[in-house]
Peer 1: 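Supplied in structure tokens, the structure appears directly below.
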Amino acid sequence: MPIAQFDGALAVVTGAGRGLGRATALALAERGATVVAADLDLPAAEHTAALTGDLGPAGVAYQVDVSDAAAMERFAAWVRAEHRVPDIVVNNAGILVTGPFLETGLDDWERIVGVDLWGVIHGCRLFGRQMAERVRALPVRPEPPNFGGHIVNIASAAAFAPWRGQAAYNTTKAAVVMLSESLRAELAGLRIGVTAVCPGFTATGIAQAATFVGLDEAGRRRARERAEKALRVRNYPPEKVAEHIVTAIVKNKPLVPVSAESHMARVLSRVSPGTMRMLARVPSPLR
């Protein structure tokens, strides 16, 4: 039985209906947190909330589109009114759009930027403001360093690695890392931690709902099958990533490359960017 590091904590996890979001919600619940499982798919979120009750405090589900600013405003207000200011927020909801840049339409860009970037911005802005107000209302600043709250933003190894056919996805994930680094500096004085977590190829099911641009129906089916096979062969479960997320919160880490490919991409991007640009010409395995 894991140590109950988060006894009494309230955690909000977006994209909690499956994959990494569900694994993170369960890992937090197992350590004592009450989880608000948010997802566009309400039945999936409800299932996650039910599962948290088998491991720790009973969770609750909420249906929300993270790309919808007004919906996220209502969600944040509901969490505060029905529960309280959260202690942990994991901005996990994400989608994959893959294909040639010149064939990626504005609607595809708006969809992925809406979920993968604006969803993170909304979560950081709304819940970060709540955390900041709570800390400012205290007579003294909280300790240890991240006792004022912690925000985790899920990026990707793609944040470090340019890749042919993944301009849209890589752009949003790189932006999430920079947003997290900047926000961490801004909230440090309030003892609010911010972490960017960068998984590699993880068996989350993201390929099942991916958008493959520039292909006909048969081509999209083949691309989806190839992507799903690549993730199965890599066989890196979301539960392992969830453990890294838990550790990042406890240790207040700024940036967490998770798998071997994520570590390698980060190192190469810093010490040998020319090599990264050469590797970028190789088609993505998720295409």
Peer 1: Locate the shortest heavy-atom distance separating Ala44 from Gly17; write the atom from each residue and the value.
Peer 2: CB-O, 3.5 Å
Peer 1: Report the C-alpha distance between Thr195 and His150 in whole Å, list the side-chain angles of each, state the deciding distance to 0.1 Å, and finish with yes or no for side-chain contact (heavy atoms from CB on, under 4.5 Å).
Peer 2: CA-CA 8 Å; Thr195 301; His150 203 100; 2.7 Å; yes
Peer 1: Please round to the nearest 0.5 Å and tell me the distance separating atom CZ of Arg222 and atom CG of Asp216.
Peer 2: 6.5 Å
Peer 1: Is the ring pair Phe127/Phe75 parallel, tilted or perpendicular, if the boundaries are 30 and 60 degrees?
Peer 2: perpendicular
Peer 1: Taking all non-hydrogen atoms of both residues, which atom of Gly8 and which atom of Asp87 are closest, and how far apart?
Peer 2: O-OD2, 4.2 Å
Peer 1: Does the pair Ile121 and Leu179 meet the rule for a side-chain contact (heavy atoms from CB on, under 4.5 Å), with working shown?
Peer 2: CA-CA 8 Å; Ile121 293 171; Leu179 167 64; 3.9 Å; yes
Peer 1: Ignoring hydrogens, what is the shortest heavy-atom contact between Asn153 and Ser180? Give both atom names and the distance.
Peer 2: ND2-OG, 2.9 Å
Peer 1: Is the closest side-chain heavy-atom distance between Ile88 and Leu10 below 4.5 Å?
Peer 2: no
Peer 1: Would you mind reporting whether Asn252 and Arg184 have side-chain heavy atoms less than 4.5 Å apart?
Peer 2: yes
Peer 1: Is there a side-chain contact between Leu255 and Glu181, using heavy atoms and a 4.5 Å cut-off?
Peer 2: yes
Peer 1: Is Val66 close to His122 at the side-chain level, that is, under 4.5 Å between some pair of heavy atoms?
Peer 2: no
Peer 1: Enter the distance from His244:NE2 to Cys198:SG here, rounded to the nearest 0.5 Å.
Peer 2: 12.0 Å
Peer 1: Nearest 0.5 Å please: distance from the CZ atom of Arg220 over to the OG1 atom of Thr211.
Peer 2: 9.0 Å
Peer 1: Does any part of the side chain of Pro86, heavy atoms only, come nearer than 4.5 Å to the side chain of Val36, both counted from C-beta?
Peer 2: no
Peer 1: Please tell me whether Val177 and Val152 are part of a single hydrophobic cluster in this structure, the criterion being side-chain heavy atoms less than 4.5 Å apart.
Peer 2: no
Peer 1: From Arg221 CZ over to Phe212 CZ, what is the distance, rounded to the nearest 0.5 angstrom?
Peer 2: 12.5 Å
Peer 1: Roughly how far apart are Asp68 CG and Arg74 CZ, rounded to 0.5 Å?
Peer 2: 6.0 Å
Peer 1: Run the numbers on Asn92 and Arg22 for side chain to side chain donor-acceptor pair (under 3.5 Å), then give the verdict.
Peer 2: CA-CA 10 Å; Asn92 164 76; Arg22 174 172 289 174; over 6 Å; no
Peer 1: Let me check something: do Leu42 and Val115 share a hydrophobic cluster, defined by ILVMFWY side-chain heavy atoms less than 4.5 Å apart, either directly or through other members?
Peer 2: no
Peer 1: Measuring from atom OG1 of Thr104 to atom CZ of Arg111, what distance do you get when rounded to the nearest 0.5 angstrom?
Peer 2: 10.0 Å
Peer 1: Treating Asn91 as the side-chain partner and Thr14 as the backbone partner, does any N or O pair qualify as donor plus acceptor under 3.5 Å?
Peer 2: no
Peer 1: Counting heavy atoms not belonging to Trp118, are there more than 12 under 6.0 Å from its CH2?
Peer 2: no
Peer 1: Quick one: closest heavy-atom pair of Ala16 and Thr48, and the distance?
Peer 2: O-OG1, 2.6 Å
Peer 1: Is there side-chain contact between Thr202 and Ser259, with heavy atoms separated by less than 4.5 Å?
Peer 2: no
Peer 1: Please tell me if the side chains of His83 and Val60 come closer than 4.5 Å, counting only heavy atoms from C-beta onward.
Peer 2: yes
Peer 1: Please answer whether the main-chain N or O of Gln130 pairs with a side-chain N or O of Arg80 as donor and acceptor at a distance below 3.5 Å.
Peer 2: no
Peer 1: Determine the sole option in Thr98, Val97, Thr171 for which the side chain to side chain contact (heavy atoms under 4.5 Å, CB included) test with Gln166 is passed.
Peer 2: Thr98
Peer 1: Met131 vs Ile151, test: side-chain contact (heavy atoms from CB on, under 4.5 Å). Steps then yes/no.
Peer 2: CA-CA 10 Å; Met131 291 177 180; Ile151 298 171; 4.1 Å; yes
Peer 1: I'd like to know if the side chain of Thr172 reaches the main chain of Asp116, judged simply by a donor and an acceptor atom lying under 3.5 Å from each other, with no hydrogens or angles considered.
Peer 2: no
Peer 1: Give a yes or no on whether Leu126 and Val113 share a hydrophobic cluster (residues Ile, Leu, Val, Met, Phe, Trp, Tyr; joining criterion: side-chain heavy atoms under 4.5 Å apart).
Peer 2: yes
Peer 1: So Trp78 and Tyr62, would you call those rings parallel, tilted or perpendicular, with 30° and 60° as cut-offs?
Peer 2: tilted
Peer 1: Side-chain contact test, heavy atoms from C-beta onward, threshold under 4.5 Å: evaluate it for Val135 versus Phe147 and give yes or no.
Peer 2: no
Peer 1: Evaluate the criterion side-chain contact (heavy atoms from CB on, under 4.5 Å) for residue pair Arg270 and Arg266; output intermediate values, then yes/no.
Peer 2: CA-CA 6 Å; Arg270 299 176 72 179; Arg266 187 188 182 209; 3.4 Å; yes
Peer 1: Kindly indicate, with the supporting measurements, whether the criterion salt bridge (Lys or Arg N to Asp or Glu O under 4.0 Å) is fulfilled by Glu133 and Arg84.
Peer 2: CA-CA 12 Å; Glu133 290 172 353; Arg84 58 183 175 80; over 6 Å; no
Peer 1: Would you call Arg125-Glu186 a salt bridge at under 4.0 Å N-O?
Peer 2: no
Peer 1: Looking at every non-hydrogen atom in both residues, tell me the closest pair between Gly32 and Asp7 and how far apart they are.
Peer 2: CA-OD1, 3.4 Å
Peer 1: Grab the two heavy atoms, one from Val241 and one from Pro199, that are nearest each other, plus how far apart they are.
Peer 2: CG1-CG, 3.9 Å
Peer 1: Identify whether Ile154 and Met178 are in the same connected component of the hydrophobic contact network (ILVMFWY, side-chain heavy atoms under 4.5 Å).
Peer 2: no
Peer 1: Does Leu102 belong to the same Ile/Leu/Val/Met/Phe/Trp/Tyr cluster as Ile112, with side-chain heavy atoms less than 4.5 Å apart forming each link?
Peer 2: yes
Peer 1: Are the side chain of Ser269 and the backbone N or O of Ala265 linked by a donor-acceptor pair below 3.5 Å?
Peer 2: yes
